[in-house]
Engineer: 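I'd like to ask you about the structure that follows.
In what follows, every chain begins at residue 1, and chains take the letters A, B, ... in the order their sequences are listed.
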Number of protein chains: 2
Amino acid sequence: MDTADRLIESTRELLWERGYVGTSPKAILQRSGAGQGSMYHHFTGKPDLALAAERRTVDEMRATVDALLSGPGTARERIAVYLRRERDVLRGCPVGRLTMDPDVVASPELRAPVEELFTWLRGRLTALVAEGQASGEFAPGLDPADTAAAIAATLQGGYVLARASDSVEPFDRAVSGILALLGPTP
Amino acid sequence: MDTADRLIESTRELLWERGYVGTSPKAILQRSGAGQGSMYHHFTGKPDLALAAERRTVDEMRATVDALLSGPGTARERIAVYLRRERDVLRGCPVGRLTMDPDVVASPELRAPVEELFTWLRGRLTALVAEGQASGEFAPGLDPADTAAAIAATLQGGYVLARASDSVEPFDRAVSGILALLGPTP
DNA sequence: GTCTATACGCCGATAGAC
DNA sequence: GTCTATCGGCGTATAGAC
């Protein structure tokens with residue numbers, strides 16, 4: 001892993017832990033072991049480095065989630081696998097977290113990767129819900145896009161509830177709750 | 001409104017807009033029109049002032065939501081009124097937002113009001129779901145606490161999706177989605 | 001490519017006068 | 001109660017040597 005890579009990886013960690021506003025170049029340098037000069041040689045500044053970190057996180061997330069949602073099993077089973085996927089729940093979602101960052105939302109460049117990921121996710125889930133309706137797993141009256149948004153929102157909101165309580169319990173309950181609402185386990 | 005009040009109100013606004021990490025005493029002073037000396041006369045420092053602001057926001061939120069959930073109508077109707085309540089969706093939830101703040105979550109004092117609100121909310125929704133089951137509105141097989149967590153999470157996650165897209169649409173879809181899953185509108 | 005030096009304003013607070 | 005002065009450290013770079 002070269003210096004630019006180490007800078008990006010350290011930035012990814014810090015963005016996840018502390019957000020954009022809470023992450024300073026100095027903290028990135030300390031964590032990565034790089035020097036001031038290296039950082040400003042490889043990147044134009046904090047926004048540029050954050051963008052590189054965001055892109056890597058989003059690309060990785062999309063690949064991981066895509067693999068889960070494209071796996072074996074019924075539509076319902078794949079949604080359950082996705083929602084119950086092993087996570088460090090109290091750390092929150094490294095992408096969703098950025099939506100609470102005022103400087104990210106205010107910058108079209110910094111918000112773009114976040115928007116892309118969630119738009120893709122909702123589309124992917126929409127198709128999966130429609131597939132489940134075709135196979136008779138889900139009620140035919142459901143709107144696939146609305147249902148997909150509710151599933152994605154439950155996950156993101158589950159992180160909020162868990163962090164509020166410093167406990168995984170509300171997250172697990174929310175996931176169980178949405179899965180139960182989707183229909184009885186066959 | 002006296003000086004202490006103006007300091008608290010300005011802090012509430014800034015915590016909502018920029019979070020705890022992103023809010024500086026200087027910004028609070030500028031917005032409130034108070035001077036340095038006033039602030040440190042009325043409050044011991046930034047955490048103390050933030051705590052006062054949090055408490056006021058949480059108290060107000062609880063009163064508002066309690067009124068909606070205690071209003072007229074069936075359990076389902078009251079949940080719908082709550083979820084569809086007029087909101088400036090893109091601003092996000094002033095309480096949920098704080099869960100993404102590392103310094104808030106790391107401090108038992110600063111996290112306490114957030115935890116209290118969400119614990120209260122889930123309890124209130126749990127009772128309402130149980131009420132709806134008793135009246136035959138909701139499926140008897142649902143776990144009320146899990147369902148309540150899913151409802152609360154959908155709302156919080158709806159904000160995340162909306163801010164990611166800079167659009168209210170995913171929020172509205174998520175709300176419609178969870179309401180549809182709760183059962184057909186009579 | 002990486003290092004050190006330098007800059008200048010903001011952060012969060014304390015001190016002491018009025 | 002409120003004001004101004006002062007403080008050491010951090011945030012976010014730029015400059016120029018090696």
Engineer: Could you state the CD1-P distance from A:I28 to D:dC10, rounded to the nearest angstrom?
Structural biologist: 16 Å
Engineer: Closer than 4.0 angstrom, basic N to acidic O: yes or no for A:D103 and B:R18?
Structural biologist: yes
Engineer: In whole angstrom, give the distance that lies between atom NE2 of B:H41 and atom P of C:dT14.
Structural biologist: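 Answer to the nearest Å: 15 Å.
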Engineer: Using every non-hydrogen atom in the two residues, find where A:Q156 and B:G157 come nearest and quote the distance to one decimal.
Structural biologist: CB-CA, 3.8 Å
Engineer: Can you figure out which of C:dA13, C:dT2, D:dG11 approaches the side chain of A:S24 most closely?
Structural biologist: D:dG11
Engineer: Are A:W16 and A:L121 co-members of a hydrophobic cluster defined by side-chain heavy atoms under 4.5 Å apart?
Structural biologist: no
Engineer: Report the nucleotide, chosen from C:dG12, C:dG1, D:dT2, that has the shortest atom-to-atom distance to any side-chain atom of B:P25.
Structural biologist: C:dG12
Engineer: Just how far, in rounded Å, is P of C:dG12 from CG of B:D48?
Structural biologist: 15 Å
Engineer: Want to settle it: does B:G35 or A:K46 sit nearer the 5' end of DNA chain D, counting the closest nucleotide to each?
Structural biologist: B:G35
Engineer: Among C:dC11, D:dA13, C:dG1, which is the nearest nucleotide to the side chain of B:K26?
Structural biologist: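 Among the listed nucleotides, the one closest to the side chain of B:K26 is C:dC11.
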Engineer: Give the rounded distance in Å between these two atoms: OH of A:Y40 and P of D:dG11.
Structural biologist: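 Rounding to the nearest Å, OH of A:Y40 and P of D:dG11 are 11 Å apart.
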Engineer: Could you check whether any side-chain heavy atom of A:V160 comes within less than 4.5 Å of a side-chain heavy atom of B:M100, counting everything from C-beta outward?
Structural biologist: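 Touching, per the 4.5 Å side-chain cut-off.
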Engineer: In whole angstrom, what separates A:L29's CG from C:dT4's P?
Structural biologist: 12 Å
Engineer: Starting from the 5' end of DNA chain D, give me the residue, A:G37 or A:A27, whose nearest nucleotide shows up first.
Structural biologist: A:A27
Engineer: If I take atom CZ in residue B:R6 and atom C1' in nucleotide D:dT2, what distance separates them, rounded to the nearest angstrom?
Structural biologist: 12 Å
Engineer: How many whole angstroms separate atom CZ of A:F43 from atom C1' of C:dT2?
Structural biologist: 15 Å
Engineer: Without swapping roles, check the side chain of A:E54 against the backbone of A:P113 for a donor-acceptor pair under 3.5 Å.
Structural biologist: no
Engineer: Give the rounded distance in Å between these two atoms: CG of A:D2 and P of C:dT2.
Structural biologist: 8 Å
Engineer: Which nucleotide sits closest to the side chain of B:P47: C:dT2, C:dA13, D:dC3?
Structural biologist: C:dA13
Engineer: Does the side chain of A:S38 get closer than 4.0 angstrom to OP1 or OP2 of C:dC3 through an N or O atom?
Structural biologist: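 Yes, because at least one side-chain N or O of A:S38 sits under 4.0 Å from OP1 or OP2 of C:dC3.
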Engineer: Which of these nucleotides, C:dG1, C:dG12, D:dT14, is closest to any side-chain atom of A:Q36?
Structural biologist: D:dT14
Engineer: Look at the side chain of A:H42 and decide which nucleotide, out of C:dA13, D:dT2, C:dG1, has an atom nearest to it.
Structural biologist: C:dG1
